[in-house]
Amino acid sequence: MSIENAAPAPASAPEKTSVLKKGRGFLIVLSIAVGVAAVAAWIALGAGLYMDVSRQTRIILAVVAAVATEALFWSIAATLGLSVFEARKRIWRKITGRG
């Protein structure tokens, strides 16, 4: 292989972006969809309580609302790019005085 056949080096290396920054639009849409589902789950729970449904149905509605809310929190954290585990480590270091 001679020098004439070699591919030229790029002028500047492309800026490396994290996966979260590349898919930020998808994460925003996902957060909105999960938010709508969470609101709908809480409305369904309220309607179930208002209609005085059975205990089993109330428990199911409450679990669905709780899981939807948890999914909403995690999807918002992913959208904002928050590192939950790193934040938790910092909090524990401050509490225990080891950092």
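When each of Ile32, Val34, Val36 is paired with Leu72, the side-chain contact (heavy atoms from CB on, under 4.5 Å) condition holds for Val34 and for no other.
Leu45 approaches Arg58 most closely through the heavy-atom pair CD1-O, 4.0 Å.
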Let me check something: any side-chain donor-acceptor pairs from residues 60-71 under 3.5 Å, sequence neighbours excluded? List them with distances.
from	atom 1	to	atom 2	distance (Å)
Thr69	OG1	Trp42	NE1	2.7
Thr69	OG1	Ala65	O	2.8
Glu70	OE2	Trp74	NE1	2.7

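Hydrophobic clustering places Tyr50 together with Val53 (ILVMFWY residues linked when any side-chain heavy atoms are closer than 4.5 Å, directly or through intermediates).
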